J.: 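Below is the structure I would like to discuss, written out as structure tokens.
Please read all numbers here as calculations on a predicted model, not as lab measurements.
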Amino acid sequence: MAGSRRRALSMQRPERLTPRALLQERGVDLRDVVAVRAGGRVVDLHTPVDPGVELEPIRAADPAALAVLRHSAAHVMADVVQRLYPGTQVTIGPAIDSGFYYDFDRPDGAFTERDLARIEKEMRALVKRDVPFVREEVDRDRARELFAGMGERYKVEILESIPAGEAISLYRHGAPESKAGTWVDLCEGPHVPSTRFLGAVKLTSVAGAYWRGDERRPMLQRIYGTAFPTEEALAEHLARLEEAQRRDHRKLGKELELFLFHEWAPAMPFFLPRGAHVYHSLIDWIRGLYRQHGYAEVITPQIFDRRLFATSGHLENYRENMYLPTTGDAIDAARGRLDAALAAPDEPALRERAARVLLERDHPAFEQLAQKPMNCPSHCLLFAHRRRSYRELPWRVADFGRLHRYERGGVVHGLARVRSFCQDDAHIFCTPEQIADEVRAFDELLFGVYRAFGFDRVAVKLALRPEQRVGTDELWDRAEQVLEQVLTETGVPFEKLPGEGAFYGPKLEFHVTDAIGRSWQLGTIQLDYALPERFGLEYVGTDGAAHRPVMLHRAILGSVERFLGIYLEHVAGKLPVWLAPEQARIVTVSEKHAEYAALARDELVARGLRVGLDAGADKLGAKIREARLARLPYLAVVGDDEVRDGTLTPRAREEGDLPAMTRAAFAELLLTQAEPPRPAPRP
RNA sequence: GCCGAUUUAGCUCAGUGGUAGAGCAGCGGUUUCGUAAACCGCAGGUCUGGGGUUCAAAUCCCCAAAUCGGCUCCA
């Protein structure tokens, strides 16, 4: 066994030294060395390594140091928590992208903001004392005895899940001479040499989290925090968080009067005129691209007989996310039958029927209808409505239909996750031979669209078959293969996500990185052999025989709602001229200039521009402030000079003051920028 | 759905058991002004909804809803 041989080797070779000793020999300054990279692994300075292994110090400023530092901060936090709140058990506490967390099982309730402040204070004190971290390898039985003795049930469970033969390591920190003693955790490491390296720690929030992420297991208390080598780095991080808060699309949506929510339609956005304008502009732009790329747009119903979704498999596989509406008539009829049955309680047959009405799900009045959560099934009906020829393929059907999906209360979030939305959805019906070309063409179109919006970093993921799925394994094999092949051919780097595919087919996911470094999934293309099968779709091939088409589900923006939210945050509410609901506003210096300002506004509006007018009694400064807060691309000042010369003095959102220009020149300036972008080919 | 928090005027928020407040926005008036907030006044509230405790509830307790941060799930 590898583990025991490693131990045996180390016994034979007592010359194994610690990286600290080895680096000191080489005269390396160790003051800011957090850990070392030793033959591809990150290890502590005090963990002996095999002689001759390549050592590369990781210094505090190195990005790789952050994870080590934060994981150590999690230990310090757990130590403090267990001292302050006796009886609390520890579970796991990893470093994450933005910091770290530790999950606790605390018998006497949840942690409050106040608790966080208290814990943070104690952590700082411990950091200041600069106590060392020490690693110790022990055998499994000793570790079990240790944690069982401390009553740490979760640690014992983790211990049991460590594969036999793997080394069991403990980490201690603390001052044995002090009253607090040392604190020990079952941990793989590595850790910083001593608490001094945790330059700046901050606890950020508390949350519930299931043990091992499983909603059937106990709910634990998770404390989130973050740590940086210096106070400056922490301050920078907090500033970034504030920036994200400033850009929050929910806040911008309210401030810029784009959309709102109401508790009578939870998680279903209402778009105000300005928001609706942006929304429609996005759709119109995509529509224009469709015309160039051989798509045909269709309109399909909202509500269907249940048989549509029984055929597609949605009622079986997607039921928990579906709205199953009914009609007043159906309810009244059911109620009538129920009343009649209850009025004749001596009739066993009627009583039985009443019982069935009460059971609702057995009664035909319920679940007769289904609100569509996806467009694909109705597109299958369109395909099937007459005989199709191979000459018609690929048939690309686009649909901006409104979709409704019931999402659990805790998961909805602004525009990012809603219950009513539309996608830039299209389905491509094609022959198996056409798949690769279609995926390639889509890929090209998608990258062009993202670049047009300023999303330059795109990550591609290949989501493979999930557990709950329709279709045979052979179909899945073929589908997964073809997607992987196209990606490999086009040379797009990608990551595989096992188990993440849709229930009807594997998919490519396209994730963009926004202006402040966050990643969002937007587009997707999904391969589907199953739906054509279920709907019995066929086309006549060159051979005169019937063949089954393949279906590709694809979207570039994803949901228009979600895209709008992400894009608003990407541009911090500063919509470009082509999308801005109000492209410019004429503001007057005083009310004397109102007449000329109205004339200028009318002229611009007549040229198709979206121009507002502020001729009110406020001072110029106030009007400018208001226009700036509304993030208007341009304002144009009108005072005595402009009225005299027949000009406007524009002020641009980005460039600031511009020289006075004629009204026609200003119109030209706006018109050139009002042109929607053209998706550029990949460089 | 689960854990925790929040909900007071259109918006942002103060008010912790004893007569509901501020700023901004709105409306009216005064001012007619040159690049991020003129001045004065007026109006605006079943304190999210329902139930309870109390002489008395925005405030304490219970139930529900919505929202926020997470978990789980996803476009």
J.: Could you check whether A:Arg118 makes a cation-pi contact with A:Tyr85, meaning its NZ or CZ is under 6.0 Å from the centre of the six-membered ring and within 45° of the ring axis?
T.: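 Yes, a cation-pi geometry.
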
J.: Produce a footprint string for nucleotides 61-70 of chain B: one letter per nucleotide, 5' end first; B if the base is under 4.0 Å from any protein heavy atom, S if only the sugar-phosphate is, - if neither.
T.: ----SSSSBB

J.: Answer with base, sugar-phosphate or nothing: what part of the nucleic acid does A:Glu591 contact at a heavy-atom distance below 4.0 Å?
T.: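 Base: the residue A:Glu591, judged by heavy atoms under 4.0 Å, touches a nucleobase.
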
J.: Give a yes/no verdict on a cation-pi contact between A:Arg405 and A:Tyr323, requiring under 6.0 Å between NZ or CZ and the six-membered ring centre and an angle within 45° of the axis.
T.: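 Geometry flag: not set, cation outside 6.0 Å or 45°.
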
J.: Do any side-chain nitrogens or oxygens of A:Lys254 fall under 4.0 Å of OP1 or OP2 in B:U12?
T.: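 Yes, within the criterion.
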
J.: Determine the contact category for A:Asp640: base if any of its heavy atoms lies under 4.0 Å from a base atom, sugar-phosphate if only primed atoms, P, OP1 or OP2 are that close, otherwise nothing.
T.: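 The residue A:Asp640 makes base contact.
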
J.: Taking atom C1' in both B:C74 and B:A64, what distance in whole Å separates the two?
T.: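 That atom pair is separated by 27 Å.
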
J.: Using a heavy-atom cut-off of under 4.0 Å over every strand shown, decide if A:Glu642 touches base, sugar-phosphate, or nothing.
T.: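 If one applies the 4.0 Å heavy-atom cut-off, A:Glu642 turns out to touch a base.
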
J.: What's A:Lys507 touching, base or sugar-phosphate or nothing? Going by heavy atoms closer than 4.0 Å.
T.: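 Counting heavy atoms under 4.0 Å across all strands, the contact made by A:Lys507 is with sugar-phosphate only.
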
J.: It should be established whether A:Lys619 places a side-chain nitrogen or oxygen under 4.0 Å from OP1 or OP2 of nucleotide B:U32.
T.: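 Negative; the distance criterion is not met.
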
J.: Taking C-beta and beyond as the side chain, do A:Thr226 and A:Leu203 meet within less than 4.5 Å on heavy atoms?
T.: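 Contact flag for A:Thr226/A:Leu203 side chains = no.
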
J.: Across the strands shown, which category fits A:Ala617 at heavy-atom distances under 4.0 angstrom: base, sugar-phosphate, nothing?
T.: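 Here A:Ala617 touches the bases of the nucleic acid.
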
J.: Using a heavy-atom cut-off of 4.0 Å across all strands, would you classify A:Leu629 as base, sugar-phosphate, or nothing?
T.: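 If one applies the 4.0 Å heavy-atom cut-off, A:Leu629 turns out to touch a base.
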
J.: Paired with B:C2 by Watson-Crick or G-U wobble geometry, both distances under 3.5 Å: which nucleotide is it?
T.: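 Here B:C2 is engaged in a pair, and the nucleotide opposite it is B:G70.
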
J.: Does A:Asp214 reach a base, just sugar-phosphate, or nothing at all? Heavy atoms under 4.0 Å.
T.: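 Since no nucleic acid heavy atom lies under 4.0 Å of A:Asp214, the category is nothing.
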
